[in-house]
S.K.: 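Structure in structure tokens, see below.
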Amino acid sequence: MAPDLMDKVDYIIVGAGSAGCVLAERLSADPETTVLLLEAGGSDASPWVSLPLGYAKLNSDPQRTWQFTTEPDEGLGGRSIEWPRGRLIGGSGSINAMIYCRGLPGDFEDWETGGAKGWGWQSVKETFERLETKVSVSGGKEGDGPIHVQNVANQVHRVNRHFYEAAREIGLPWSDDFNGDCPEGAGIYTINTQDGMRCSSARAYLRPARSRKNLFVRTGAQVKRILFDGATATGIELLGGEVFYAFHEVILSAGAIGSPQLLQVSGVGPGDLLSGFGIPVVHANENVGGNLQDHIAATYTFRAREATLNALLRPLYGQALAALQYAATRKGPLSLSVNQCGGFVRSDETLNRPDQQLYFNPISYRRVRRWRGSRHIIDPFNGFIISAQPARPTSRGRIDIKSADASSAPRIRPNSLATEADRRSVIAGGRLCQRLMRSRALSGLVEESIAPHLPQLDDDGLLEDFRARASTVYHPVSTCRMGEDRAAAVVDSRLKVHGIDRLRVVDASAFPNITSGNTNAPTMMLALKGADIILEDRKRAHS
């Protein structure tokens, strides 16, 4: 990356996460277009990244994650919650549990109704289809997108059969494909893996593009601020003082925490907040950092009467057998997520769409603190976990800087369970889990419940327990939300920052609202559609 090459950069992308990797590949596909991709973290070249079950180790690794912590959250009993985010090539898509869920069609109808023109279901469905290659249990393929979406129904643990039977017993619908035409119901999660290895956007998009001479990837490069000429973004400055200029656009893909933080330290955000830190206000917008949404859940653990994954993955000999199976076949428990079953269901049949996402894990574990962070420990008995997370929370939090220093972690205020609707949804999810556990199929599997005892909790107890134990499901979004109304949004429907020229935000922070499920797939979709928009705008400008 010689200085003379840097003088010719067309696009600077800040953040090589799930969105940034897609953008870098698409924008650099034209050999006449130069792209600089900046990542504050390091490489994703690690067996723990490639190994699907390695995410439990990565999640608490301070070398590969930003170890953010929230402010004390009144809705969660005044607790501060750990919010790890990926700090390496691939971002959180390199450390997540790889459940691939587009979201429900109604989520994107909400996006368009809320002011994100052109982001309704039919439009984004076409983009998802370009993103994906669906792989069946027999190896058959549908589509030719870079992200492989694997059906692992023939590989999940046999104890899951009790969940299938319980769902049918209490009258829940069954879905054979959460990303298909009938996503509502209980079922088996698909995961983004290929040949038994994580298929992140870093692997599927960025890795093949890195040989291009017009794409420059810089790791260990944390951005200090965006540079402006008046209200036009011109480039960026790194913490070390280096400056790079973009002749076309600066694109923020630093995520739901990093993108609003970088906007604020650069002078775009709440005017009083920025002035209080001595930051010259380039454009005042109270919405920068606002509208924070996340999924939260509390898990319930049960001791099982038959073997679960605990029996295989806790003892050393079992770990060795699983490693041998993986080495020989690229299959087995090491090739899967622990989140094997669940679904999108209605806690009440009178609702017009699903309000809960279920998880059923054929393994149980607990998180213990160590002197260098924390780690997950598998329980010393045959256990399993069940939980329900409210799919579309209505509470809104904020992310704001605590100083003008971009290297200082921002203040994260989730404001969990601030609305009566969210509190009712928590109770409804708890009741749904109780119904499942009372079924003949699951009650017969249980040897005993582990405290707190889900079957014994009334409505007040469900809510109180949730406040005491619930935590993030790692889906923060919407802190630079998209919309045409400048009074309520940060970017417009073409992902351009309101009030600023040549600056866009393309990542999960631009979600108008949280989707009903896991957010990695819609983040990659947003980046692919965002790249289309950027290329369209450039073509229009040159026509």
Side-chain angles (χ1 to χ4, degrees), residues 75-76 99 101 103-107 109-110 160 162-175 178 182-189 293-302 339-361 384-395 416-443 446 449 452-473 475 513-519:
L76 298 183
I99 291 181
C101 287
L104 301 180
D107 299 331
E109 295 306 303
D110 288 347
N160 288 304
H162 299 289
F163 174 74
Y164 317 156
E165 295 165 3
R168 291 190 171 99
E169 188 179 327
I170 71 169
L172 296 180
W174 188 262
S175 176
F178 296 134
C182 301
E184 180 178 348
I188 302 167
Y189 287 118
Q293 299 160 55
D294 186 27
H295 289 135
I296 54 177
T299 60
Y300 293 94
T301 299
F302 295 84
N339 301 318
Q340 295 187 358
C341 293
F344 301 93
V345 299
R346 307 180 203 205
S347 60
D348 184 331
E349 293 180 358
T350 64
L351 297 174
N352 62 7
R353 58 180 175 179
D355 65 314
Q356 303 288 333
Q357 182 177 6
L358 291 173
Y359 292 96
F360 181 88
N361 297 2
F384 67 91
I385 285 171
I386 191 169
S387 71
Q389 71 181 32
R392 286 179 306 281
T394 57
S395 301
S416 305
L417 305 185
T419 66
E420 180 62 26
D422 285 356
R423 295 189 287 272
R424 288 198 307 267
S425 189
V426 164
I427 294 170
R431 287 174 178 165
L432 178 60
C433 288
Q434 288 176 332
R435 287 173 55 204
L436 282 163
M437 294 310 304
R438 283 197 301 266
S439 67
R440 290 188 303 274
L442 282 176
S443 62
V446 173
S449 70
H453 302 290
L454 173 64
Q456 300 173 11
L457 298 176
D458 60 12
D459 288 359
D460 290 342
L462 288 169
L463 182 57
E464 182 181 353
D465 177 61
F466 196 92
R467 289 189 190 278
R469 296 192 305 111
S471 187
T472 178
V473 189
H475 298 164
N513 293 296
I514 197 166
T515 51
S516 292
N518 309 75
T519 52

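Numbering of residues begins at 1 and proceeds along the displayed sequence.
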S.K.: Side chains of Phe178 and Asn518: does their closest heavy-atom pair fall under 4.5 Å?
M.R.: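 They are not in side-chain contact.
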
S.K.: Are any non-hydrogen side-chain atoms of Leu457 and Glu464 less than 4.5 angstrom apart?
M.R.: no

S.K.: Could you report the tightest heavy-atom contact between Pro452 and Asp465, atom names first, then the distance?
M.R.: CG-OD1, 3.1 Å

S.K.: Pick out which of Leu417, Val426, Asp355, Asp422 makes a side-chain contact (heavy atoms from CB on, under 4.5 Å) with Pro390.
M.R.: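 The residue from Leu417, Val426, Asp355, Asp422 that satisfies side-chain contact (heavy atoms from CB on, under 4.5 Å) with Pro390 turns out to be Val426.
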
S.K.: For Phe344 and Tyr189, take the angle between the two ring planes, folded into 0 to 90°, and tell me which bin it lands in: parallel under 30, tilted 30 to 60, perpendicular over 60.
M.R.: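 Rings of Phe344 and Tyr189: perpendicular, over 60°.
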
S.K.: Report yes or no: is the cationic atom of Arg423 (NZ for Lys, CZ for Arg) under 6.0 Å from the centre of the six-membered ring of Phe466, at an angle within 45° of the ring normal?
M.R.: no

S.K.: Heavy atoms, side chains only, cut-off 4.5 Å: are Met437 and Val446 in contact?
M.R.: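 Yes - at least one pair of side-chain heavy atoms lies under 4.5 Å apart.
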
S.K.: Within the distance-only criterion (no hydrogens, no angle test), does the side chain of Arg346 pair as donor or acceptor with the backbone N or O of Leu172 below 3.5 angstrom?
M.R.: no

S.K.: Can you tell if the side chain of Ile385 reaches within under 4.5 Å of the side chain of Tyr359, non-hydrogen atoms only?
M.R.: no

S.K.: With no hydrogens and no angle check, is any side-chain donor or acceptor of Ser439 less than 3.5 Å from a backbone partner on Ala166?
M.R.: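 No; judged by distance alone, with no hydrogens or angles, the pair does not exist.
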
S.K.: Are Phe302 and Leu442 packed together at the side-chain level, in the sense that at least one heavy-atom pair is separated by less than 4.5 angstrom?
M.R.: no

S.K.: Would you check if Pro105 and Pro183 make a side-chain contact, meaning some heavy-atom pair closer than 4.5 Å?
M.R.: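 The answer is yes; the side chains approach within 4.5 Å.
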
S.K.: Indicate the atoms forming the closest heavy-atom contact of Ala297 with Ala388, along with that distance.
M.R.: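 For Ala297 and Ala388, the tightest heavy-atom pair comes out as CB-O, 4.3 Å.
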
S.K.: Are the side chain of Glu169 and the backbone N or O of Arg440 linked by a donor-acceptor pair below 3.5 Å?
M.R.: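 Confirmed, Glu169 side chain pairs with Arg440 backbone.
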
S.K.: Would a 4.5 Å heavy-atom cut-off, applied to side chains only, mark Asn160 and Phe384 as touching?
M.R.: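 Answer no - side chains too far apart.
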
S.K.: Can you measure from OG (Ser387) to CG (Leu358) and round to the nearest 0.5 angstrom?
M.R.: 7.5 Å

S.K.: Contact between Pro393 and His295 at the side-chain level, heavy atoms closer than 4.5 Å - yes or no?
M.R.: yes

S.K.: So for atom CD, which belongs to Glu109, do other residues, nucleotides or ligands contribute more than 12 heavy atoms lying within a distance under 6.0 Å?
M.R.: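 Enclosed.
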
S.K.: Are any of the side-chain nitrogens in Arg424 or Asp348 under 4.0 Å away from the carboxylate oxygens of its partner?
M.R.: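 Not counted as a salt bridge, because no side-chain N and carboxylate O are separated by less than 4.0 Å.
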
S.K.: Ignoring hydrogens, what is the shortest heavy-atom contact between Ile170 and Arg435? Give both atom names and the distance.
M.R.: O-NH2, 3.1 Å

S.K.: With no hydrogens and no angle check, is any side-chain donor or acceptor of Gln356 less than 3.5 Å from a backbone partner on Ser425?
M.R.: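 Here the side-chain-to-backbone pair exists.
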
S.K.: Report yes or no: does Gln434 contribute a side-chain atom to a donor-acceptor pair with the main-chain N or O of Leu454 at less than 3.5 Å?
M.R.: yes

S.K.: Between Gln293 and Ile514, is there a donor-acceptor pair closer than 3.5 Å when you use the side chain of the first and the backbone of the second?
M.R.: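 Yes: the side chain of Gln293 pairs with the backbone of Ile514.
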
S.K.: Could you give the distance from CG (Leu436) to CZ (Phe163), rounded to the nearest 0.5 Å?
M.R.: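 The CG atom of Leu436 sits 6.0 Å away from the CZ atom of Phe163.
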
S.K.: I'd like to know if the side chain of Ser516 and the backbone of Ala391 have a donor-acceptor N/O pair within less than 3.5 Å.
M.R.: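 No, the answer is negative, given that no donor and acceptor are paired below the 3.5 Å cut-off.
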
S.K.: What pair of heavy atoms forms the shortest contact from Arg392 to Pro354, and how long is it?
M.R.: NH2-O, 3.0 Å

S.K.: Has Asp294 got a side-chain atom pairing as donor or acceptor with Thr472's backbone, closer than 3.5 angstrom?
M.R.: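 Side chain of Asp294 to backbone of Thr472, a donor-acceptor pair under 3.5 Å: no, none is there.
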
S.K.: Looking at every heavy atom in both Ala470 and Leu76, which two are closest together, and how far apart are they?
M.R.: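 Scanning both residues, the minimum pair turns out to be O-CD1, 3.9 Å.
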
